[in-house]
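Note sheet for the following structure.
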Amino acid sequence: MTDAASWPARAGAGAPTLAGLDARLTRCRACPRLVAWREETARVKRAAFRDQEYWGRPVPGFGPPDAALAVVGLAPAAHGGNRTGRMFTGDRAGDLLYATLHGLGLASRPTVTGRDDGLELYGVRVTAPVHCAPPDNRPTPGERDTCRPWLARELELLRPTLRSVVVLGGFGWQAVLPVLRDAGWSVPRPRPAFGHGVRIALAPADGPAADGPLSVFGCYHVSQRNVFTGRLTPRMLRGVLAEAARAAGLDVPAGESE
Ligand code: SF4
């Protein structure tokens, strides 16, 4: 394994804090294809964003270090997170996700534009198992596995407060369950199948019982295609996020009818 390819495992495992992890992550160059794609996209740009400086680096998770709920997608979008430097910011998927979190009282504002827009999340961390934008939004299995130590360490650091995870989409589900095992929870074999509204409970594999259990929810991805076709409606998304927030002990407005 090259020095660059082993960097996520070495640097991720040794990060003492989430801030330190994020700083190390943004210097990662372990996946040659994704490094080339994120930088090429940042150089060529989309016409609508020609005047903007693209981030063009790995995109760290976003949200407080004592989050009780994690929302996990698959990877940043080429002209979304890879442009703004923040997960689910700058594309339609993020517009719906953050508007829904705001509606539930979990985000400070309903619209997001970039890293300097003042957005705060309350008890929620938004992240992904692959931190660089992949071509066609599809990382290879090898890239997914190479990136895995970053999310494993992020979830391990969140573990004292983390009680609930929402996984967006079946590809994310396949990627996240092994990471949850790496981060210290018992994942059944065979692995539970993905579905919208599926809920599973994972016990801590070791450590104090006070660390768990962890409720994991499946939700169709907030992709433009899913929303456009009606596969995922705003009401469906709100329903899963509200249930997961309650499972995490977060306050969601009373009287929600999902
Ligand atoms: Fe590093 Fe992950 Fe980006 Fe690969 S996808 S270069 S492991 S941050």
Side-chain angles (χ1 to χ4, degrees), residues 6 8-18 20-22 25 60-75 87 106 121 123-131 139-221 239-250 252:
S6 64
R10 287 184 290 115
T17 64
L18 269 186
L21 184 80
D22 293 348
L25 165 71
F62 177 68
D66 57 352
L69 167 63
V71 178
V72 187
L74 178 60
M87 283 292 174
L106 302 174
L121 296 180
V124 182
R125 176 106 177 161
V126 177
T127 188
V130 176
H131 287 274
T140 66
E143 291 160 349
R144 183 195 62 201
D145 292 346
T146 300
C147 203
R148 187 161 138 182
W150 293 120
L151 181 60
R153 182 60 179 154
E154 183 176 8
L155 295 173
E156 198 175 37
L157 288 166
L158 288 169
R159 190 170 142 167
T161 55
L162 191 68
R163 295 293 175 269
S164 184
V165 176
V166 173
V167 184
L168 300 172
F171 287 109
W173 184 265
Q174 292 300 326
V176 168
L177 289 184
V179 183
L180 287 168
R181 190 184 60 223
D182 290 353
W185 283 278
S186 291
V187 177
R189 289 181 185 275
R191 290 184 198 146
F194 172 77
H196 182 83
V198 162
R199 175 177 180 170
I200 60 173
L202 304 183
D206 53 33
D211 274 2
L214 184 75
S215 296
V216 182
F217 296 79
C219 180
Y220 289 143
H221 196 279
V240 173
L241 288 174
E243 189 183 348
R246 290 192 190 102
L250 297 172
V252 174

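Hydrogens, waters and symmetry mates are skipped; everything else that's a heavy atom, side chains included, is used.
Residue Leu202 comes nearest to Ser186 through the heavy atom pair CD2-O, 3.3 Å, listed as atom of the first residue, atom of the second, then distance. Val240 and Cys219 make their closest contact through CG1-CB, 4.0 Å (heavy atoms, listed as atom of the first residue, atom of the second, distance). Closest of all the heavy-atom pairs between Gly123 and Leu250 is O-CD1, 3.7 Å. Annotation for Leu151 and His131: closest pair N-NE2, 4.4 Å, computed over non-hydrogen atoms. Taking all atoms of both residues into account, the shortest heavy-atom contact from Gly20 to Ala15 is C-CB, 4.3 Å. The nearest pair of heavy atoms linking Ala11 to Trp150 is CB-CH2, 3.7 Å.
Counting heavy atoms from C-beta on, the side chains of Leu74 and Pro139 come closer than 4.5 Å. For the pair Pro178 and Arg191, the minimum side-chain heavy-atom distance is below 4.5 Å. The shortest side-chain heavy-atom distance between Arg125 and Leu18 falls under the 4.5 Å cut-off. Residues Leu241 and Val71 are in side-chain contact: their nearest non-hydrogen atoms beyond the backbone lie under 4.5 Å apart.
Of the inter-residue distances, the one linking Thr17 atom OG1 with Arg153 atom CZ reads 9.0 Å to the nearest 0.5 angstrom. Atoms OG and CZ, on Ser164 and Arg246 in that order, are 11.5 Å from each other to the nearest 0.5 Å. Rounding to the nearest 0.5 angstrom, the gap separating the CG atom in Leu69 from the CG atom in Leu162 is 7.5 Å. The distance from the CZ atom of Arg148 to the CZ atom of Arg181 is 5.5 Å, given to the nearest 0.5 Å. For the atom pair SG of Cys147 and CG of Leu25, the computed distance is 6.5 Å after rounding to the nearest 0.5 Å.
Of the charged side-chain nitrogens involved, none lies within less than 4.0 Å of a carboxylate oxygen, so that Arg159 and Glu156 do not count as a salt-bridged pair.
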Step by step, would you call Val165 with Trp185 a side chain to side chain contact (heavy atoms under 4.5 Å, CB included)? CA-CA 12 Å; Val165 176; Trp185 283 278; over 6 Å; no
Show your working on side chain to side chain contact (heavy atoms under 4.5 Å, CB included) between Leu155 and Asp182 and close with a plain yes or no. CA-CA 9 Å; Leu155 295 173; Asp182 290 353; over 6 Å; no
Any chance you could lay out the side chain to side chain contact (heavy atoms under 4.5 Å, CB included) test for Leu21 and Glu154, step after step, and finish with the verdict? CA-CA 7 Å; Leu21 184 80; Glu154 183 176 8; 3.7 Å; yes
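Within a 6.0 Å sphere centred on CZ of Phe171, other residues, nucleotides and ligands contribute 12 heavy atoms or fewer.
Judged by distance alone, with hydrogens and angles left aside, the side-chain atoms of Trp173 form a donor-acceptor pair with the main-chain N or O of Pro192 at under 3.5 Å. Counting only distance, with no hydrogens or angles, the side chain of Thr161 and the backbone of Ala68 share no donor-acceptor pair below 3.5 Å.
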